Amino acid sequence: RAFLWLAFIRAVGAWGNGLARTPPLGYSTWNFFPRVAIDEMTCYKQVDAIVETGLRDLGYKVFVVDEPCFVGRDDNGNLMENKTTWPRGLKSFGDYLHARGMKLGIYTDQGPLTCGRCPASQGHEMQDMALFASMGADYIKVDSCNRDVEPEHWAAFRDAINATGRPMVFSIIAQGQKDSWTWGNATGNLWRTTHDIMNSFGGFTSNLDAQESVSDIEKYAGPGAWNDPDMLIVGTQTFHGGSGINVSEARAHFSLWSVLKSPLLISADVTKMEPQFLEILKNEEVLAVNQDNLGMQAKKIRGPNADLSLLPCQSGNEFQLWTINSSGAILNRKANECLSISDCSTRAGATAIMFDCFPSGNACNYKNQLWDYDSSTRQLIADISSMCLNWDFEQVNCSSSRTMWIYKVRPEKK
């Protein structure tokens, strides 16, 4: 992949609790497993698998129980655990994690009910944070369901966490509302910039585009304060009707989340994860970029609409001259990926991208990857639109990489 190096402004106004100096690494139960029905036995099995696969030793240490679904409050107003799904309780589970060098994350909501309609923390911020601290929590996730999103709601949780005296990373889930990046770094350690991620290639690119649509969003991130486009969907197979992502897409997803200094929370069944997905999550070089101590988030400088475009054929236009691989598609010789018209478009100016050759379920019946080569003019003409291929990289050389996104990032100085 082509990278250009650039220094960025450090996060301004970051909450100084000294935690999450690099993006959190770990696991969340939310996406893959039944959401409000998560049980302790499933969680214990996932912890064991995280240890046995070597993920913990690579830094995946936070385990977020999302959501534990408390059943009510006792006479003293304390949240009561579900003794059917959590017979030993969160405190015992936290002890189990701590004995293995891991950390306990607990979920709640800023409203009266969680997203799963279980009792939440509105009006009980101090009491609930004290309870979670007594359970050994190291990480608190506060969601945004069933109440208007206002920054002061999460400020109340920040103050309650501080009052416990226990170090706990604070994750704000405001879904990007009220421009959460502008106030999140003075309130918590990470803040969601997007809606919930969907389990598909379009799902993670949608979250990517949503975050990157904010001008200069990277300036709000830095050690102790991180933009969060949501958890990983690497190795998830399918959940909640999603189609899942293949290995190539998972590599792109993991690499992009890493250079964006996103928190990396696995949300899959680690006990059954296929080796090729596990290999992606264990890529130490990519993890090193994410965990770089300078904490400088990459900035997108070009998107798909500006990389390769389809324009009306113009004689004498040297930027429309190409050679074609004899395989029947235009194959990038270094990346081994095919040239495709994005979204099967037939309009002038349609985006062309490098993508996997003839992927299964191609909505265009692969016609978007078929081209005619006019040897007399040396022009490539798309079968799907009869338009010519036009080079438009503006002096950015990406011939050896996919051209969907180009980012700038800089490494840590030694």
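Predicted model, so just to flag it, every value in this text is computed and none were measured. Keep in mind that the numbers below use all heavy atoms, side chains included, and drop hydrogens, waters and symmetry copies.
Side-chain contact, T42 with D39: a donor N or O sits under 3.5 Å from an acceptor N or O. Side-chain contact annotation: Q211 with N227, donor-acceptor N/O pair under 3.5 Å absent. Counted by atom type alone, S121 and T108 present one or more donor-acceptor pairs between their side chains at under 3.5 Å. In the model, Q276 has a side-chain atom that pairs as donor or acceptor with a side-chain atom of E274 under 3.5 Å. Between the side chains of R117 and N146, a donor-acceptor pair is found at a separation under 3.5 Å. The closest side-chain donor-acceptor pair between H253 and T205, if any, does not fall under 3.5 angstrom.
Every residue two or more places apart in sequence or in another chain that forms a side chain to side chain donor-acceptor pair (under 3.5 Å) with H153 is listed here: Q110, R147. By the ring pair (Phe, Tyr, Trp, His ring centres under 6.0 Å) test, H124 is found to be paired with no residue, residues two or more places apart in sequence or in another chain being considered. For N76, the side chain to side chain donor-acceptor pair (under 3.5 Å) criterion is met by no residue, not counting sequence neighbours.
Considering every non-hydrogen atom in both S262 and D230, the closest pair reads OG-O, 4.3 Å. Residue A120 comes nearest to T114 through the heavy atom pair CB-N, 3.6 Å, listed as atom of the first residue, atom of the second, then distance. Across all their heavy atoms, G116 and E67 have their closest contact at N-OE2, 3.1 Å. Here the closest non-hydrogen pair linking I197 and F204 is CD1-CB, 3.7 Å. L25 and G59 make their closest contact through CB-O, 3.2 Å (heavy atoms, listed as atom of the first residue, atom of the second, distance). Considering all non-hydrogen atoms of both residues, K91 and M135 come closest at CD-O, 3.4 Å.
Between W226 and P24 there is a side-chain heavy-atom pair separated by less than 4.5 Å. A 4.5 Å side-chain heavy-atom check between F63 and I50 finds at least one atom pair inside the cut-off. Contact check for F70 versus N82: no side-chain heavy atoms found under the 4.5 Å cut-off.
Sorted by first and then second residue, the ring-ring contact (aromatic ring centres under 6.0 Å, His included) pairs with a member in residues 37-59 read Y44-F93, Y44-Y96; sequence neighbours excluded. Residue pairs meeting the salt bridge (charged side-chain N to carboxylate O under 4.0 Å, His left out) criterion with at least one member in residues 135-146, sequence neighbours excluded, are D66-K141, D138-R166. Among pairs with a residue in residues 75-87, none fulfils salt bridge (charged side-chain N to carboxylate O under 4.0 Å, His left out), at least two apart in sequence or across chains.
Taking the six-membered ring wherever Trp is involved, the centroid distance between the rings of W183 and W191 does not fall below 6.0 Å.
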ask   = Do N17 and N189 pass the side chain to side chain donor-acceptor pair (under 3.5 Å) test, and can you show the C-alpha distance, the side-chain angles, and the key distance before you say yes or no?
value = CA-CA 8 Å; N17 67 350; N189 298 107; 2.9 Å; yes
task = Just do the side chain to side chain donor-acceptor pair (under 3.5 Å) check on S258 and N290 with the steps written out, would you?
result = CA-CA 4 Å; S258 292; N290 180 259; 4.6 Å; no
message = Determine whether N199 and N31 satisfy the following criterion, side-chain contact (heavy atoms from CB on, under 4.5 Å), listing intermediate values before the conclusion.
response = CA-CA 8 Å; N199 188 34; N31 271 336; over 6 Å; no
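Crowding of E284 atom CD: a count of heavy atoms from other residues, nucleotides or ligands under 6.0 Å not exceeding 12. Residue-environment remark: CG (D74) exceeds the threshold of 12 foreign heavy atoms within 6.0 Å.
With hydrogens and angles ignored, the 3.5 Å screen pairs a side-chain donor or acceptor of N283 with a backbone N or O of V286. A donor-acceptor pair under 3.5 Å is absent between the side-chain atoms of R100 and the main chain of M102, judged by distance alone.
In summary, D292 and K261 do not engage in a salt bridge, as defined by a charged side-chain N under 4.0 Å from a carboxylate O.
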